[in-house]
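Below: the structure, in structure tokens.
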Amino acid sequence: MRSRRFKMLAKMLAGGFGVMALATTTACAAPRKAPPAPKVPVLAVEDVTTVELKDRIPPHWLVVNDVVFTHLLDGRAYIVDGDKGEYLGMVPGGHSHVGVQFTPDGSHLLMPGTFFARGSRGERTDVITWFALKDLMPGEEVVIPPKRIQSLPLLSSIPLTDDGRFVLIYNFTPEQSMTVVDAEAKSVVGEFETPGCALAHMTGPRSFMMQCADGSLQSGALDESGKITLGATTQPLFEREDPASDKPVRISASRWLFITFAGAVAEVDNASGTPTPGARWKLTGPGEDAWRPGGLQPYTFHAPSGLLYVLMHQGGPGTHKHPGTEIWVFSVASKQRVARLPIETPSTAIEISKDADPLLYTALFGSGTVVVRKPADASVLRKIEGLGNDISVLQAPPVVPAAGPAK
Amino acid sequence: MRSRRFKMLAKMLAGGFGVMALATTTACAAPRKAPPAPKVPVLAVEDVTTVELKDRIPPHWLVVNDVVFTHLLDGRAYIVDGDKGEYLGMVPGGHSHVGVQFTPDGSHLLMPGTFFARGSRGERTDVITWFALKDLMPGEEVVIPPKRIQSLPLLSSIPLTDDGRFVLIYNFTPEQSMTVVDAEAKSVVGEFETPGCALAHMTGPRSFMMQCADGSLQSGALDESGKITLGATTQPLFEREDPASDKPVRISASRWLFITFAGAVAEVDNASGTPTPGARWKLTGPGEDAWRPGGLQPYTFHAPSGLLYVLMHQGGPGTHKHPGTEIWVFSVASKQRVARLPIETPSTAIEISKDADPLLYTALFGSGTVVVRKPADASVLRKIEGLGNDISVLQAPPVVPAAGPAK
Amino acid sequence: MRRFDRAAEYLARSAARSTSRRGFIGRLGALVTATGAATLLPVSRVRAEKAAVPIQVQEEGDPNSCDYWRYCAVDGFLCSCCGGSASSCPPGTEPSPITWLGTCRNPADGRNYVISYNDCCGKAACGRCNCSRDEGASPVYQPTTANDLDWCLGTQVGVAYHCSLSVVTGPAD
Amino acid sequence: MRRFDRAAEYLARSAARSTSRRGFIGRLGALVTATGAATLLPVSRVRAEKAAVPIQVQEEGDPNSCDYWRYCAVDGFLCSCCGGSASSCPPGTEPSPITWLGTCRNPADGRNYVISYNDCCGKAACGRCNCSRDEGASPVYQPTTANDLDWCLGTQVGVAYHCSLSVVTGPAD
């Protein structure tokens with residue numbers, strides 16, 4: 001770096017800049033108070049350094065996605081430390097930013113992005129970029145078909161297979177298809193038509209479920225090369241009057257909870273490769289019909305405890321994006337509510353860390369603030385403020401087995 | 001357009017989209033009140049249209065530049081109607097947006113822009129894009145060397161010659177140079193070194209003055225092909241302790257007022273091709289030393305009346321960007337203040353329309369609001385709100401001789 | 001891209017008032033029905049049109065207000081505030097040829113109309129008159145009534161979303 | 001790119017208080033002098049450095065506050081709030097190899113120091129801890145002390161401005 005510094009100075013002197021530098025050295029003899037007798041040592045001359053993060057992401061760090069609606073081409077993800085309440089850094093997104101995908105070892109973030117040659121116009125390029133957590137620098141990049149869905153952020157539009165081998169990108173043009181990227185070879189496997197069905201909810205290393213317009217679920221599978229074959233389809237599971245949201249919750253490798261706008265829950269298992277509907281229950285009990293889930297990320301599941309956390313508000317149909325004023329906690333096994341926790345700030349996103357001693361996070365779109373809470377009672381542990389414009393979804397990282405040189 | 005519509009529908013039906021469209025037609029038989037007996041005719045089916053503006057920009061329209069500091073790659077200019085207080089449209093800028101240049105006939109806006117292949121990273125491309133006022137669509141584009149200065153907006157970094165023939169782009173890398181673009185041929189003439197000196201203040205169809213680091217002024221001239229030759233240089237006109245701002249005011253074809261941070265005024269004429277200092281005077285009188293000009297666009301000149309309008313505030317050295325709390329009005333001919341007008345909102349930008357019956361405009365950086373005022377007393381005529389994030393400079397268009405099909 | 005700004009509303013109001021449902025419940029009479037009008041998507045036939053086309057004479061209300069009846073299922077920046085109108089795109093933008101549909105009740109005649117929420121495209125977001133009313137809006141896997149989608153598909157100018165129209169395509173009944 | 005946000009301060013305070021000059025006048029003792037330290041521009045020699053380097057033990061004040069003494073001529077987002085520190089760039093950004101200089105008075109020892117305001121570059125603006133103190137800042141035609149300039153020149157990562165450092169390069173006297 002030192003050599004570069006002198007190179008730059010040489011360049012400056014070669015250009016017109018030297019004139020100014022000289023002018024500068026003699027100007028500005030402004031009157032100044034004589035310093036008092038020094039009581040402390042003179043400050044040392046400092047070098048400029050650049051911070052590096054850890055090799056692997058700890059479970060209490062959080063990725064906070066900012067879609068920046070008024071300047072949609074500058075979406076980004078912030079990384080914060082939930083324990084310390086500190087801002088750690090930023091990963092640039094692109095137009096209509098969704099979120100990141102964590103590699104299974106927690107060492108890299110995959111960032112799908114859309115860019116235009118001239119800001120918001122000109123040739124469109126969609127890419128997936130790998131950012132090492134350690135330096136947050138853009139690394140390898142794969143250019144994908146410029147078709148990925150542009151919508152409010154949906155994490156199931158950009159899933160990574162559990163083993164980190166393939167990335168699935170849901171396209172909507174309005175033809176529906178899925179682009180598969182080989183994350184190992186850093187190349188596009190292909191684009192596969194998925195007529196009538198959207199998104200990919202992973203149900204195993206090589207299998208997933210899609211949601212279809214008629215309220216049914218469609219299974220899909222990748223072969224070892226990443227090629228997608230569509231499989232069985234269920235009967236329509238939901239009425240159009242009360243559709244399941246497009247943000248279901250994964251509760252085990254192959255099982256997801258689909259939750260309707262009104263709060264009806266349907267469990268579906270794709271372990272066999274045929275989506276198999278299981279238990280159906282409701283978030284609301286007698287006399288609670290006025291309550292509904294809502295927000296951009298209305299629910300999150302904590303696997304170690306088996307608890308589902310839901311942002312609930314009072315509202316009728318059409319309020320599925322309204323912020324929650326309470327967090328309702330359910331045991332998925334018993335289908336019973338175990339807690340009803342009013343929160344002081346309405347929230348549109350909820351997430352919980354994936355470790356055994358978790359932190360609960362909430363955020364309100366437009367607030368720029370993530371609230372870190374105690375899961376037991378949703379009490380506020382700390383707040384992390386100044387997180388951009390429009391927080392959409394929060395992403396707690398996978399719990400990574402201790403390995404490699406953690407710092 | 002009709003043919004395209006059906007093409008798109010055909011495409012939708014060919015893809016999976018048709019399935020959904022069909023599903024849609026039968027769903028949602030929600031209960032609905034029977035409509036009351038109609039008292040008024042049924043609303044007509046509407047076509048979608050696109051608004052067009054005028055062929056030439058009227059003197060009371062205003063370009064409002066928004067540099068969007070927190071999302072610097074999405075700078076833009078808004079066009080508003082000062083008479084009606086209406087928002088008319090938006091012209092996209094790019095990274096580190098400065099402003100526009102009006103063609104002399106008022107029919108087009110030239111927009112210098114900087115773009116990156118991947119949002120805020122990747123290959124940098126600088127261009128000048130022509131936008132017809134009528135449709136505000138990006139038209140012809142000239143790619144220029146990716147060197148234009150990235151700074152707080154300075155209109156003298158992107159001047160157009162008075163006849164509209166050449167655009168001058170000031171580069172800072174930190175080598176200093178000027179790119180010349182032939183606006184007729186839509187091509188780059190060349191890049192010309194300007195060591196030690198910055199910006200170009202036009203003083204005739206083919207001449208300009210630059211400001212140099214030692215406080216002197218440097219003349220420059222373009223030949224008929226646009227090639228720049230540097231000419232005479234003045235002695236240093238300003239001390240480093242109180243430099244002239246980089247936002248001087250043009251008061252005639254060849255004369256500019258250079259105004260220091262403390263409010264000293266120096267008139268310089270470049271009619272002869274040699275910058276010739278003229279009168280020197282001060283904005284402040286006895287007992288007014290606490291007052292200084294300030295802001296991002298601290299002064300504006302109204303040629304028909306010969307009046308200079310200055311945003312003034314109370315502050316010491318280092319406050320040259322502070323918002324003005326009063327507008328002081330000076331007769332440039334007599335060098336006398338003719339009015340001192342307190343304003344209810346501190347302002348960082350001031351501009352006046354160039355016609356004989358002008359509107360005075362002010363804006364405060366960060367407010368998103370342009371205030372339209374009566375020049376005589378700065379009283380508020382109307383406000384135009386919701387103008388983005390960070391209004392930097394306001395630009396009143398040239399008065400265009402009535403010609404062509406005005407609408 | 002649809003703007004989601006009930007949040008801002010909540011920020012502006014006190015949390016204590018957050019249980020008020022007046023504004024939302026009151027609109028349920030106009031519960032959106034997506035009809036066969038998918039074939040009626042209104043695309044500009046008259047690009048030579050210059051001035052913003054105003055609302056029709058027998059209408060009531062302020063098209064610069066989020067409460068205007070046609071906006072019952074809109075979610076985005078109102079083109080009326082962006083140099084256009086409820087049916088006219090601002091200068092320099094292109095209307096999306098396909099879009100999503102809602103049904104709103106016109107208070108002036110008591111009739112329900114199918115409203116087409118075409119996006120105006122090709123420029124970064126207008127940023128003015130953000131209006132979010134999601135009545136009848138569906139998840140993105142049911143696209144014809146989904147307002148979370150950027151509908152700037154099939155335009156010449158690309159998918160950058162600028163603002164949203166609310167165009168009368170005919171009576172719903 | 002330097003952030004200009006006295007305006008925001010004015011917006012937040014009442015206009016009536018706008019004549020207060022306490023904050024600005026109080027800093028005049030540290031009037032910036034641009035010295036021959038142009039040859040001392042501190043560029044990272046140790047990119048292997050990992051944690052943010054904190055302020056030195058004999059200093060006082062909060063580097064996350066705009067009032068911190070080193071910031072007397074800064075104008076931008078403070079890297080201290082952006083994942084870095086007063087002398088460390090946030091992860092994923094690159095310090096500018098050239099920059100502008102100011103001189104600030106350290107209240108802990110009463111000495112003046114030359115401060116180098118390197119930019120951290122290559123990412124869109126951090127947006128946190130916007131701090132504008134223009135003491136001694138010059139117009140852009142005097143670049144060595146100009147803080148209106150984007151100083152992300154000569155970096156590998158391009159001119160996108162993320163945040164500003166305030167690095168001690170030595171005593172000014």
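Letters A, B, ... are given to chains in the order of the sequence lines, protein chains preceding strands, and every chain is numbered from 1.
Here the closest heavy-atom approach between residue A:L43 and residue D:W69 is recorded as CD1-CZ2, 3.4 Å. When all heavy atoms are compared, the tightest approach of D:T169 to A:V45 is O-CG2, 3.4 Å. Smallest separation of non-hydrogen atoms from A:T50 and D:P90: CG2-O, 3.7 Å.
Between chain D and the residues A:G368, A:G386, A:A132, A:P138, the most heavy-atom pairs under 4.5 angstrom are made by A:G386. Between chain A and the options D:C126, D:G84, D:A124, D:S87, the largest number of non-hydrogen pairs under 4.5 Å is found for D:S87.
Interface remark: D:V57 contributes no atoms to any contact with chain A (heavy atom separation under 4.5 Å). For a residue to count as touching a neighbouring chain, one of its non-hydrogen atoms must lie under 4.5 Å from one of that chain's; by this rule D:A86 does not touch chain A. Of the two parts of A:D135, only the backbone, made up of N, CA, C and O, holds a non-hydrogen atom closer than 4.5 Å to a non-hydrogen atom of chain D. Neither the backbone nor the side chain of D:C79 comes within contact range of chain A; no heavy atoms are under 4.5 Å apart.
A donor-acceptor distance shorter than 3.5 angstrom exists from the side chain of D:Q58 to the backbone of A:P41, with no hydrogens or angles considered.
Of the inter-residue distances, the one linking A:R76 atom CZ with D:K123 atom NZ reads 10.0 Å to the nearest 0.5 angstrom. The structure places CD1 of D:I115 at 7.5 Å from CD of A:E46, a figure rounded to the nearest 0.5 Å. Atom CD of residue A:E86 and atom SG of residue D:C81 lie 11.0 Å apart, to the nearest 0.5 angstrom. Atoms CE and CD, on A:M137 and D:E94 in that order, are 6.5 Å from each other to the nearest 0.5 Å. To the nearest 0.5 Å, the span separating SG on D:C82 from CG on A:L88 amounts to 12.0 Å. Atom CD of A:E385 and atom CZ of D:R128 lie 9.0 Å apart (nearest 0.5 Å).
Environment of NZ in A:K186: crowded, with over 12 heavy atoms of neighbouring residues, nucleotides or ligands closer than 6.0 Å.
In this structure, the side chains of D:P91 and A:V51 come closer than 4.5 Å at one or more pairs of heavy atoms.
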